[in-house]
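Encoded as C-alpha cells, the structure appears first; notes follow it.
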Amino acid sequence: MNKKFTNKLETAKEVRITNYLCRCGHQPSYLGNGRAKYFSPLRTKERTPSFMVDVERNTFCDFGTGDHGDIIDLCRKMENKTFLEAIESLSGNNEPLPPIHISSQPLRRTPQRKSAIKLLRSDDLQHRALINYLRERGISTEIAKSYLNEVYYQVNAKSYFALGLMNDKGGFASRNKYQKYNISPAYFSTIPKEGSNAMLLFEGFMDALSYLEYYSFKAFPDHAIILNSTVHAEKAVKQMGSYEYIDLFLDNDEAGEKAAKVFQNAFPHAVNRSKSLFPEHNDFNEFWMDVNKNN
C-alpha cells in the first residue's frame, strides 16, 4: 500500500459522520450522550428516526435495515461508490460545514446500561389514550384486544406505556403515538392457524391489524408472521416450514424490499402483495387509513 493512498485513507476515516451527513443536508433529530439520531438517509418515507450515529466511535447503524459501519461504508451506500471512490470523495471534500441545529453543548459519553429498556408489566388493553390512538390508525378495539397488550416499561428510568405485541421469545414490539420500541428479547411474532397451508408476512403489527380491517376478518385466515423489524427476516426464514402460498405485505421502502427478497430467495413462489395492493403507499396501515377515510 503506497504512502499516498494510506494518507487518503486516513484522511477519509477522520471525516466525522455527523459532519458528512450535515453536508448532505441531514440534520439530527436528537443529539446527546454521545449519540446522534436521524431519519435514515438511506431510506425514504420514514416516520420515526431509526438511524443512530455513535459520535465517539464515528460509526453508524440503521436499525431499519441492519446496515452499519464507518464513514467509508456510509459514503459507499449513500453515493453508490466503490471503496476507492468513497475514499477519494471523502479525502478531497474540504467544503465549509453548515451548522448542526440541535445543541451547542459538547457531547459527553455516558456509561450505557446493559439494557436501557425495561419491561415493568403487561395488562389487557384498556387505556383510553391507546384506544384513541388505534382509532386514529383505523384499528377497532375489538380487533386490537385479540392480539395486543398494554405494556408499561422504563427507558433510562423514565416510565411509559404503549401497545404491545408479544413475540415468540416473550419480549414485546411496542408503540404508542410518540415512540416505537422492541422490548428485549427482540424477535418476530408467530400467529398460527391450524389446518392452513398459507403464510402471511407483515413488517409491523399495525400493518397486520390493518390487513384484518381491510378484508373484514376477525382473525387471521392463515398462519401469520409479524417481523417487528426487518432485521428478523433471516431468522423468520429459518423457522418457516413449507407453505403452498406465501403472501408478503411488507413496506414499500428499501428495508421492506430487501426483506421481501430474503423471503423470495428462500421461497420463489412468495408473492409481494404490497406492490400490487398499495404501490403508492409506504405500508398497509397508511393504505388502510386512506381507504377508511374515503369510505
Side-chain angles (χ1 to χ4, degrees), residues 45 47 122-151 162-168 171-177 180 182 187-230 232-233 236 239-241 243-253 255-256 259-260 263 270-295:
K45 298 182 180 179
R47 288 198 182 92
S122 64
D123 293 325
D124 292 338
L125 177 58
Q126 59 185 350
H127 199 288
R128 181 56 52 186
L130 298 178
I131 291 172
N132 287 341
Y133 173 55
L134 284 165
R135 287 174 179 167
E136 291 175 10
R137 311 296 300 191
I139 307 299
S140 65
T141 307
E142 179 185 7
I143 290 291
K145 283 186 173 182
S146 299
Y147 299 98
L148 302 183
N149 291 91
E150 189 173 296
V151 294
L163 302 164
L165 173 70
M166 182 177 285
N167 64 42
D168 290 4
F172 282 90
S174 73
R175 69 181 297 169
N176 56 31
K177 193 171 184 177
K180 183 163 64 172
N182 275 311
Y187 207 61
F188 59 85
S189 303
T190 303
I191 302 172
K193 178 67 176 180
E194 187 176 354
S196 174
N197 196 27
M199 173 64 78
L200 307 168
L201 269 297
F202 304 93
E203 190 162 328
F205 65 71
M206 280 295 184
D207 300 316
L209 299 184
S210 297
Y211 168 91
L212 296 178
E213 296 285 1
Y214 178 72
Y215 288 108
S216 299
F217 292 135
K218 292 189 180 299
F220 290 100
D222 299 299
H223 298 290
I225 286 179
I226 303 170
L227 293 176
N228 299 321
S229 170
T230 55
H232 299 136
Q239 295 298 317
M240 284 174 61
Y243 296 93
E244 186 175 356
Y245 305 99
I246 299 176
D247 288 338
L248 310 176
F249 298 95
L250 305 174
D251 291 5
N252 284 320
D253 58 14
F263 288 103
V271 180
N272 190 351
R273 301 293 182 187
S274 306
K275 295 300 182 184
S276 56
L277 182 60
F278 47 90
E280 303 302 318
H281 295 79
N282 184 62
D283 57 38
F284 209 134
N285 184 245
E286 183 181 285
F287 165 67
W288 166 238
M289 286 194 295
D290 262 3
V291 171
N292 198 33
K293 177 177 63 178
N294 295 324
N295 285 342

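Residues take their numbers from the sequence shown, with the count starting at 1.
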(request) Decide ring-ring contact (aromatic ring centres under 6.0 Å, His included) for Y211 and F249; before the verdict, give the C-alpha distance in whole Å, the side-chain angles of both, and the deciding distance to 0.1 Å. (result) CA-CA 9 Å; Y211 168 91; F249 298 95; 5.4 Å; yes
(message) Can you give me the closest heavy-atom contact between E150 and Q126, atom names plus distance?
(response) OE1-N, 2.8 Å
(request) Working to the nearest 0.5 Å, report the span between OG1 of T190 and CG of D168. (result) 3.5 Å
(request) Using a 4.5 Å cut-off on heavy atoms from C-beta on, say whether the side chain of Y187 contacts that of N228. (result) no
(message) Contact between D222 and Y243 at the side-chain level, heavy atoms closer than 4.5 Å - yes or no?
(response) no
(request) Kindly indicate whether the side chain of Y133, heavy atoms from C-beta on, has any atom under 4.5 Å from the side chain of R175. (result) yes
(request) Assess whether side chain to side chain contact (heavy atoms under 4.5 Å, CB included) is satisfied between D251 and T230, documenting all intermediate values. (result) CA-CA 10 Å; D251 291 5; T230 55; over 6 Å; no
(message) Please report the interatomic distance CG(L148) to CE(M166), rounded to the nearest 0.5 Å.
(response) 11.5 Å
(message) Quick one: does any side-chain atom of D283 pair with a main-chain N or O of N285 as donor and acceptor, under 3.5 Å?
(response) yes
(message) Give me the atom names and distance for the closest heavy-atom approach of I143 to L209.
(response) CG2-CD2, 3.9 Å
(message) Would you compute the distance between atom CD of E203 and atom CD1 of I226 and round it to the nearest 0.5 angstrom?
(response) 11.5 Å
(message) Does K275, at its NZ atom, have more than 12 non-hydrogen atoms belonging to other residues, nucleotides or ligands within less than 6.0 Å?
(response) yes
(message) Please report the interatomic distance NE2(H281) to CE(M289), rounded to the nearest 0.5 Å.
(response) 9.0 Å
(message) Please give me the minimum heavy-atom distance between I139 and A144, naming the atom from each residue.
(response) CG2-CB, 4.3 Å
(message) For the OG1 atom of T141 and the CG atom of L125, what is their distance to the nearest 0.5 Å?
(response) 7.0 Å
(message) Could you check whether any side-chain N or O of H223 sits under 3.5 Å from a backbone N or O of A198, counting only pairs where one atom can act as donor and the other as acceptor?
(response) no
(message) When you measure from the side chain of W288 to the backbone of E213, do you find a donor-acceptor pair of N or O atoms at a distance under 3.5 Å?
(response) no
(message) Less than 4.5 Å apart, side chain to side chain, heavy atoms only: is that true for V291 and F278?
(response) no
(request) Search all heavy atoms of S174 against all heavy atoms of A162 and return the closest pair with its distance. (result) CB-CB, 4.1 Å
(message) If you define the side chain from C-beta out and look only at heavy atoms, does anything of N182 sit under 4.5 Å from N167?
(response) no
(request) Write down the atom of F172, the atom of G164, and the distance for their closest heavy-atom approach. (result) CD2-C, 3.8 Å
(message) Within the supplied structure, the quantity of interest is the number of heavy atoms (other residues, nucleotides, ligands) at a distance under 6.0 Å from Y245 OH; does it exceed 12?
(response) no
(request) Consider only side-chain N and O atoms of S274 and N252, and report whether a donor and an acceptor are under 3.5 Å apart. (result) no
(request) Supply the atom-to-atom distance L200 CG to D207 CG, rounded to the nearest 0.5 angstrom. (result) 12.5 Å
(request) Give the minimum heavy-atom separation between A270 and F263, together with the two atoms involved. (result) CB-O, 4.4 Å
(request) With the side chain counted from C-beta on, respond yes when H232 and I225 share a heavy-atom pair under 4.5 Å apart, and no when they do not. (result) no
(message) Is any side-chain heavy atom of S140 closer than 4.5 Å to one of L134?
(response) no
(message) For a 4.5 angstrom cut-off between non-hydrogen side-chain atoms, does F205 reach S189?
(response) no
